[in-house]
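Since this is a predicted model, take the numbers as computed values, not measurements.
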Amino acid sequence: QVQLVESGGGLVQTGGSLRLSCAASERSFRGNGMGWFRQAPGKEREFVATISWTGDSTLYADSVKGRFTISRDNTKNMLYLQMNSLKPEDTAVYCCAAGRWLYNSRRSDEYGYWGQGTQVTVSS
């Protein structure tokens, strides 16, 4: 079974940092590109970052570039999102996703596997 479980969300003040984790089954990771998406109240789901299977390529939304870092540990089947210099507009539910052989995909409809999400709240 493909399983993706996010953790690490919470409440942080503006300028703070959080690291999100996504634990996945081996099957969900092997050969798959991974990504982070977020959705804030009243807004559509938004692409955040993606990383290739080998980790040789990463891509970020302009809104988070320079502040967020996506990484993965294929020996542990883990995906991470390090979030620094957080802003109130970063407040959202963050979900990790996996897609078969995806490479630098920003499109949520190209990812076939999704976690349930973890809440990130940034106070102003």
Side-chain angles (χ1 to χ4, degrees):
Q1 294 291 328
V2 176
Q3 296 179 334
L4 299 171
V5 181
E6 303 94 337
S7 62
L11 176 64
V12 65
Q13 65 182 22
T14 298
S17 299
L18 286 172
R19 188 181 74 159
L20 305 184
S21 299
C22 175
S25 65
E26 182 178 351
R27 187 175 181 179
S28 70
F29 260 58
R30 197 168 187 269
N32 291 348
M34 302 290 295
W36 287 97
F37 293 80
R38 67 186 184 186
Q39 187 166 21
K43 294 185 177 181
E44 296 182 359
R45 185 166 51 188
E46 177 187 17
F47 166 78
V48 176
T50 186
I51 186 169
S52 63
W53 158 245
T54 61
D56 66 333
S57 181
T58 58
L59 191 66
Y60 298 90
D62 290 341
S63 60
V64 306
K65 190 173 184 179
R67 300 187 297 119
F68 291 10
T69 302
I70 188 172
S71 62
R72 66 192 298 167
D73 185 342
N74 289 356
T75 67
K76 299 180 179 179
N77 298 329
M78 294 289 293
L79 176 73
Y80 304 99
L81 184 68
Q82 178 65 47
M83 305 184 296
N84 299 326
S85 301
L86 284 163
K87 307 173 182 178
E89 50 263 46
D90 294 319
T91 295
V93 174
Y94 285 71
C95 294
C96 65
R100 296 179 182 178
W101 305 107
L102 288 182
Y103 190 86
N104 289 348
S105 177
R106 296 174 175 265
R107 295 179 54 179
S108 61
D109 60 356
E110 294 183 342
Y111 290 81
Y113 309 101
W114 293 84
Q116 297 185 63
T118 185
Q119 177 71 46
V120 172
T121 302
V122 185
S123 62
S124 58

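A continuous path of ILVMFWY side-chain contacts below 4.5 Å connects Met83 to Val12, so both sit in one hydrophobic cluster. At a threshold of 4.5 Å between side-chain heavy atoms, the hydrophobic network of Ile, Leu, Val, Met, Phe, Trp and Tyr places Ile51 and Tyr80 in two separate groups. Both Leu20 and Ile70 are assigned to one and the same hydrophobic cluster, defined by single-linkage of ILVMFWY side chains at heavy-atom distances under 4.5 Å. Note on Trp53 and Leu102: separate hydrophobic clusters, where clusters join Ile, Leu, Val, Met, Phe, Trp and Tyr whose side-chain heavy atoms are under 4.5 Å apart, directly or indirectly. Taking hydrophobic clusters as Ile, Leu, Val, Met, Phe, Trp and Tyr residues chained together by side-chain heavy-atom distances below 4.5 Å, Leu86 shares a cluster with Val48.
To the nearest 0.5 Å, the span separating CZ on Arg72 from OG1 on Thr54 amounts to 8.0 Å. Distance check: Leu81 CG to Arg38 CZ gives 9.5 Å after rounding to the nearest 0.5 Å. The CG atom of Asn32 sits 10.5 Å away from atom CG of Asn74, with the distance rounded to the nearest 0.5 Å. Residue Asn77 holds its CG atom at 11.5 Å from CD of Gln3, rounded to the nearest 0.5 Å. Atoms CH2 and OG, on Trp114 and Ser108 in that order, are 5.0 Å from each other to the nearest 0.5 Å. In this structure, Leu4 CG and Ser25 OG are separated by 6.5 Å, a value rounded to the nearest 0.5 Å.
For the 3.5 Å distance criterion, the side chains of Tyr103 and Thr50 fail to qualify, holding no donor opposite an acceptor. A donor atom on one side chain and an acceptor atom on the other are not found under 3.5 Å apart for Ser123 and Gln13. Counted by atom type alone, Ser85 and Arg67 present zero donor-acceptor pairs between their side chains at under 3.5 Å.
For the pair Gln82 (side chain) and Thr69 (backbone), a donor-acceptor distance under 3.5 Å is absent. A donor-acceptor pair is defined here as one N or O able to donate and one able to accept, closer than 3.5 Å; no such pair exists between the side chain of Thr121 and the backbone of Leu11. With Arg106 contributing its side chain and Glu46 its backbone, the two residues share no donor-acceptor pair below 3.5 Å. Judged purely by atom type and a 3.5 angstrom limit, Gln116 has no side-chain atom pairing as donor or acceptor with the backbone of Val5.
Heavy atoms only, all atoms of each residue included: Leu79 and Cys96 are closest at CD2-CB, 3.9 Å. Minimum heavy-atom separation, Ala92 to Ala40: CB-N, 3.8 Å. Between Cys95 and Gly117, the shortest heavy-atom distance links the atoms SG-CA, 3.6 Å.
Ring centroid separation for the pair Phe68 and Trp36 does not come in under the 6.0 Å cut-off. A centroid separation of 6.0 Å or more is found between the aromatic rings of Tyr60 and Phe47.
In this structure the side chain of Tyr113 reaches within 4.5 angstrom of the side chain of Arg100, judged on heavy atoms. In this structure the side chain of Val120 never reaches within 4.5 angstrom of the side chain of Thr91, judged on heavy atoms.
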For this session: Carefully, step by step, assess Met78 and Cys22 under the rule side-chain contact (heavy atoms from CB on, under 4.5 Å).
Result: CA-CA 6 Å; Met78 294 289 293; Cys22 175; over 6 Å; no
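Using cut-offs of 30° and 60° on the angle between ring planes, the pair Phe37 and Tyr111 is perpendicular.
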